[in-house]
Each structure stands twice: as structure tokens, then as C-alpha cells.
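In listed order, ligands and their atoms are each counted from 1. Not measured: the values here are computed from a predicted model.
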Amino acid sequence: MSMTRQPRVQGRGPKSHANRSRQDLRIAPDVRKFIHHDPFRTYHTRPILAPPHPTSRLVARLEQLRKTLRPTPHVPLAVEGMHLFAKLEYSNPVGSIKDRPAYWILKRAVERGEICHRTTVIESSSGNFASALAAYTHLVGLKFIPVIDPNISGAYESFLRRLCPRVVKVSKRDDTGGFLKTRLAMVKHLCATIPDAYWTNQYDNPDAVEAHYELTAGEICADFDSLDYAFIGVSTAGTIAGVSRRLKERYPNVRIIAVDTQGSVIFGDAPRKRHIPGVGSSIVPPLLSRAIIDDVVLIPERETVEGCRELLMTHGLFVGGSSGTAYAAVKRYAAKMPKTRLPTVLLLCADRGTPYLDTVFDPAWAAELE
Ligand SMILES: Cc1ncc(COP(=O)(O)O)c(C=O)c1O
């Protein structure tokens, strides 16, 4: 099928998501012949084989978990001058794009023998990555200690406290005025003092890049025959590194546009207090060196708020701060896009709007922004 503008969206075409799930359920004929009712089957009260090794149980649970990570939809948005599509990462099982690296990092660490059933996973995160790790470590039977700070949204903190027996909340600001360096120092302290501790290190873990190369970008490549622009919010840079590498292989002329918040130091802006989590950082993330970036757009937080509101009021998408930032970048960039033909443009919507109800979606809160 020749298609330049419309992705193969859900429910249509041979590669539709609905079809994919049905295919997964199909049983190959050569396997089916072994599935039959055995009238002579006996039921043992004790196992006849040795119980499975705990690590193989971990692998089996991770395989089960993989089945819950289905492709996220690409939906068209009516914006003049382009064919714009939003990739709805909030439809991942725990609710954000961070489900992908959380799952993949655990899987790779288990495969390499770095994690076993005794491991305590430790990570510094004030949001989506900690939530995904909390759910997935719980599901596979591992302990997890998230290291958080006072900027965490109430919804994330409640979620983490319900799932994790121990949550460490730092309160001392670092020399940049933020908490990131204090959180990382706490992670190092916990790793040095807790036996069998494993730091997933989302800021410098190549498995996070691989997660987005294989999963996030793999889905884009499966759905789009051509792509001109991809707008991607940056924090640890895991997403942009993995997605940019795969998209450049598949669509050599695609332009990867990194989106950051003003006041974040990732692309050299002067550090300033930022209020909206998700996108931006007070350090240059090491994974950034793995990304292939054509251009950068820095968005002030006021525009993020407008972007989130417009996505909700005009397009019906209730999405979080980084999605509004990416959407604002698309709108700013539109003037630079070719006029001769409508380009196909993709923006990543990394999470839902719910945790941002008391901030981005509260006009009184937004009015205080500079
Ligand atoms: C909501 C949201 N958007 C975007 C990002 C940026 O992704 P990455 O850390 O891969 O750069 C994050 C990262 O935490 C996020 O939580």
C-alpha cells in the first residue's frame, strides 16, 4: 500500500494493532496437535520436577510483562500546514513513555545476570520512571526504593508509597537550587549500604536508548511509510537518542527536533528555576551524545501551559507538560516547514494530564509563571 501521509492507524490495514493482537493468539497448526485432552493425565500432589530456579521465574515474569506493552496509537491532529500525528504514550500500562525503559532496563539486567531475585532496585526519579519501575519491580517480585524530592506531584508520591515499602525523600537543595544532585548522592549512598542493590541509572543507561530504538521507534517505523519531522521532549535524552537513531535509518531525510524548556541546561541555556516536570534538566545528560539532532526549540513554561490547554480544548487530548511543550514547538517551527507540500510531522505525548491538574491546568497557578 503506497501511503505518504496517513500512518497505518489502529483498526485499519494488515498491520493494525487489532490484527496484531489476534495474530498473537493464533496457534500454529504444528503446535495445536500437541494440545488435546489426555484422559490418562494424572494430577500430582507434589512437583515431579525440581522447582524452577528463581532467576528463570524472573525471566518468565518479565516475558509476561512484555505482553502488556502494546503499540501506542498515532492519532491525526487537525493543524494547518502539515499532517500532524500525536503518539499517545500515555496509553502504556503504567501511563507514560517511561514504561518502555523501565521494562527494558530490568529485562537486560536480568539477561546479563546483574539482577536476581534478591536484588533491591534503586532509582532517582520524581515521576514517571519511578512509577513504571515501582509497578514492574512489584510485578516481577523485586524490591524497589525510589529516591524522590519535594517537587514530586502528590499523585506520584501516593502511587509510590502504595507500591513501595520504602520511599526516600530528600529535602536539601543542591548548588543549582534543584534536588537532582542531592537525589543522586542519596542513590549512591543507598547502593553502597544495601546488599544486592542495583541502580537502574536512567541518566546514563544505554539500555534506555535501546528500549526506545526497539519499542517506541519500532512502532513508528511500522506505522509510517514516510516521515518529515519528529518533535521529542528531552530530559535524560534516552527517548531522543533511541528514537532518532532508528528514524534516521528508516527515513534518511527526517528532521529530529529536540524540545526543551527555557532555563534547562541541556542545550546550553542559562539555568533558571523551572516548575513543570518531565522535560528539561539541570545537568547535560550523558545519553544526549547518542542522539542525532537536527534542531532544538526552547519553550518558555507559559507556552507549555498554552500548548497543554490547546491540546485539550481543540484536539481533545488531556496530556502532560512535555506534550504541551512539544506541541508548542511544532507550532513555533511551522513557519520553517516547506510550503510546497504538506510535511508529515510526529509529536510524542509522553504522559497524561492528570498529575498536572493543580499546576499546568490551574489558571491561578499558571498566572504566577514569569
Ligand atoms: C513526561 C515526560 N516527558 C518527556 C520525558 C523525557 O524523556 P527522556 O528522559 O527520555 O529524555 C520525560 C522523562 O522523564 C517525561 O517524564
Which ligand 1 atoms, with their elements, are less than 4.0 angstrom from a heavy-atom of [X]?
X	value
Gly238	10 (O), 11 (O)
Val234	11 (O)
Asp351	1 (C)
Ala350	1 (C), 2 (C), 3 (N), 4 (C)

Review point. Between Arg341 and Asp228, is there a side-chain N and carboxylate O pair less than 4.0 Å apart?
Key: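 Salt bridge flag = yes for Asp228 with Arg341.
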
Review point. Is any NZ, NE, NH1 or NH2 atom of the basic residue among Lys331 and Glu310 found under 4.0 Å from an Asp or Glu carboxylate oxygen of the other?
Key: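 Between Glu310 and Lys331 there is a salt bridge, with a charged N closer than 4.0 Å to a carboxylate O.
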
Check your understanding: Quick one: do the Thr325 and Thr304 side chains pair a donor with an acceptor below 3.5 Å?
Key ->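 Per modelled atom types, Thr325 and Thr304 side chains form a pair under 3.5 Å.
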
Check your understanding: Any chance the side chains of Tyr356 and Asp362 put a donor and an acceptor closer than 3.5 Å?
Key ->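 No, no side-chain donor-acceptor contact under 3.5 Å.
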
Would [X] count as being in polar contact with ligand 1, using the rule that some N or O on each side must be under 3.5 angstrom apart?
X	answer
Ala237	yes
Thr236	yes
His212	no
Tyr356	no

Point to revise | Side-chain (Asn92) to main-chain (Val94) donor-acceptor, under 3.5 angstrom | key: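 No, Asn92 side chain to Val94 backbone: no donor-acceptor pair under 3.5 Å.
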
Please report, to 0.1 Å, the donor-acceptor pairs under 3.5 Å made by any side chain of residues 283-298, with sequence neighbours excluded.
residue : atom : partner : partner atom : Å
Ser289  : OG   : Pro286  : O            : 3.0
Asp294  : OD1  : Lys248  : NZ           : 3.2
Asp294  : OD2  : Lys248  : NZ           : 2.7
Asp294  : OD2  : Ile256  : N            : 2.7
Asp295  : OD2  : Tyr333  : OH           : 2.6

Point to revise | ring pair (Phe, Tyr, Trp, His ring centres under 6.0 Å) involving Phe318 - partner list, sequence neighbours excluded | key: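 By the ring pair (Phe, Tyr, Trp, His ring centres under 6.0 Å) rule, Phe318 matches Phe361.
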
Closest approach of any protein heavy atom to [atom], naming residue and atom:
atom	value
atom 16 (O) of ligand 1	Asn128 ND2, 3.0 Å
atom 7 (O) of ligand 1	Thr239 OG1, 3.4 Å
atom 2 (C) of ligand 1	Ser322 OG, 3.4 Å
atom 12 (C) of ligand 1	Gly278 O, 3.2 Å
atom 14 (O) of ligand 1	Lys98 CE, 3.0 Å

Check your understanding: Would Lys107 and Glu111 satisfy salt bridge (charged side-chain N to carboxylate O under 4.0 Å, His left out), going step by step from the backbone distance to the final call?
Key -> CA-CA 6 Å; Lys107 167 185 135 73; Glu111 284 167 359; 2.9 Å; yes

Practice item. Assess Arg352 against Tyr90: is NZ or CZ under 6.0 Å from the centre of the six-membered ring, and within 45 degrees of the ring's axis? Key: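 Judged by the rule (NZ or CZ under 6.0 Å from the ring centre, within 45° of its axis), Arg352 counts as positioned above Tyr90.
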
Review point. How close do Ala102 and Ala132 get, heavy atom to heavy atom, and via which atoms?
Key: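 Distance-wise, the nearest heavy atoms are CB-CB, 3.6 Å.
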
Review point. Which is it for Gln202 and ligand 1 at heavy atoms under 4.0 Å: side chain, backbone, both or neither?
Key: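 No part of Gln202 is near ligand 1 at this cut-off.
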
Check your understanding: Is there a heavy atom of Val279 sitting under 4.0 angstrom from any atom of ligand 1?
Key ->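 The answer is no, since Val279 has no heavy atom less than 4.0 Å from ligand 1.
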
